[in-house]
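Okay, structure first, notes after.
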Amino acid sequence: MKLADKVYKVARKIPKGKVTTYDSIAKYLKTRAYRAVGQIMKRNPYAPKVPCHRVIKSDGSISGFSGFDPKNIKKKIALLIKEGVIVKNGKVSTEFIVRVQDFI
DNA sequence: CGCTTGACACCGT
DNA sequence: AACGGTGCCAAGC
């Protein structure tokens with residue numbers, strides 16, 4: 001069982017209208033590989049099943065899948081907003097950030 | 001099997 | 001408040 005599998009398993013349970021962070025997932029899995037989590041999400045072979053857009057940085061900013069393509073940023077943010085998440089200045093309001101242990 | 005690469009986090013300045 | 005350097009660990013090559 002690779003870390004990747006565990007990550008996907010957890011990530012797919014993120015409730016709509018909420019987001020979590022890379023380090024939160026890492027902590028929950030008893031590992032400090034929060035960086036690896038990022039790469040795992042990037043690969044994301046389970047595209048629709050794992051809502052990788054609901055995983056953000058600990059400071060609430062959205063990165064990666066959107067960070068490289070400015071056009072994609074707005075699209076993902078719009079998607080999150082559509083789900084009920086409030087995003088201002090490219091950052092998600094902390095009240096929508098949930099620790100993994102809270103929604104599992 | 002070892003080296004490089006990050007969708008990161010945590011200081012210190 | 002913003003920027004940069006440092007540390008961590010799994011995946012890929």
Side-chain angles (χ1 to χ4, degrees):
Chain A
M1 188 67 141
K2 287 189 166 190
L3 174 66
D5 299 313
K6 300 181 193 171
V7 172
Y8 293 131
K9 201 169 193 172
V10 174
R12 68 191 292 180
K13 295 180 184 174
I14 302 173
K16 182 159 92 63
K18 300 284 184 186
V19 296
T20 191
T21 65
Y22 298 101
D23 92 305
S24 176
I25 293 178
K27 291 281 167 38
Y28 176 76
L29 296 177
K30 310 287 189 298
T31 178
R32 300 181 212 76
Y34 34 80
R35 306 183 64 178
V37 175
Q39 293 203 49
I40 293 169
M41 292 321 243
K42 177 181 180 182
R43 311 260 175 209
N44 190 16
Y46 305 79
K49 312 194 65 165
V50 181
C52 45
H53 58 279
R54 292 186 195 143
V55 184
I56 61 182
K57 296 182 47 167
S58 60
D59 68 349
S61 62
I62 302 175
S63 51
F65 62 91
S66 50
F68 226 82
D69 193 345
K71 303 167 75 174
N72 235 317
I73 298 181
K74 303 188 69 172
K75 197 170 185 183
K76 298 303 178 186
I77 290 180
L79 177 57
L80 287 174
I81 292 178
K82 194 169 132 191
E83 294 184 349
V85 179
I86 296 194
V87 183
K88 47 176 56 178
N89 293 16
K91 298 198 196 319
V92 176
S93 297
T94 57
E95 357 186 313
F96 293 91
I97 302 177
V98 186
R99 290 178 306 176
V100 175
Q101 59 172 334
D102 290 335
F103 66 75
I104 276 300

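In the text below, chain A, chain B and the rest are named by the order of the sequence lines, each starting its count at 1. What you see below is based on every heavy atom in this structure, not just the backbone, and it leaves out hydrogens, waters and symmetry mates. For clarity, every value in this text was computed on a predicted model and none was experimentally measured.
At the heavy-atom level, A/Ala26 lies nowhere under 4.0 Å from the strands shown.
For A/Ser58, a side-chain nitrogen or oxygen approaches OP1 or OP2 of B/dA9 to under 4.0 Å.
Of the residues in residues 29-40 of chain A, those with a non-hydrogen atom less than 4.0 angstrom from any atom of DNA chain B are A/Tyr34, A/Arg35, A/Ala36, A/Gly38, A/Gln39.
Remark: A/Thr31 engages A/Leu3, A/Ala26, A/Leu29, A/Ala33 in a side chain to side chain contact (heavy atoms under 4.5 Å, CB included) (not counting sequence neighbours). A/Lys49 meets the side chain to side chain contact (heavy atoms under 4.5 Å, CB included) test with A/Arg12, A/Tyr46; sequence neighbours excluded. For A/Lys13, the side chain to side chain contact (heavy atoms under 4.5 Å, CB included) criterion is met by A/Phe103, A/Ile104, not counting sequence neighbours. Partners of A/Ser58 under the side-chain hydrogen bond (donor to acceptor under 3.5 Å, both in side chains) rule, at least two apart in sequence or in another chain, do not exist in this structure.
Under the 4.5 Å side-chain heavy-atom criterion for ILVMFWY residues, a single connected hydrophobic cluster contains both A/Ile56 and A/Ile86. Follow the hydrophobic side-chain contacts under 4.5 Å out from A/Ile62 and you reach A/Ile81 in the same cluster.
Note: OH (A/Tyr22) to C1' (B/dC10) measures 17 Å, nearest angstrom. If you measure from atom CG of A/Asp59 to atom C1' of B/dA9, you get 9 Å, rounded to the nearest angstrom. B/dA9 atom P lies 19 Å from atom OH of A/Tyr28, rounded to whole Å.
When all heavy atoms of A/Val7 and A/Met41 are compared, the pair lying nearest together is CG1-SD, 4.0 Å.
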**Request:** Would you sort out whether A/Asp23 and A/Lys27 count as a salt bridge (charged side-chain N to carboxylate O under 4.0 Å, His left out), showing the intermediate values?
**Result:** CA-CA 6 Å; A/Asp23 92 305; A/Lys27 291 281 167 38; 3.6 Å; yes
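The footprint of chain A on DNA chain C, defined by a heavy-atom cutoff below 4.0 Å, extends from C/dG7 to C/dG12.
With DNA chain B read from its 5' end, the first of the two nearest nucleotides for A/Lys27 and A/Arg43 is the one closest to A/Arg43.
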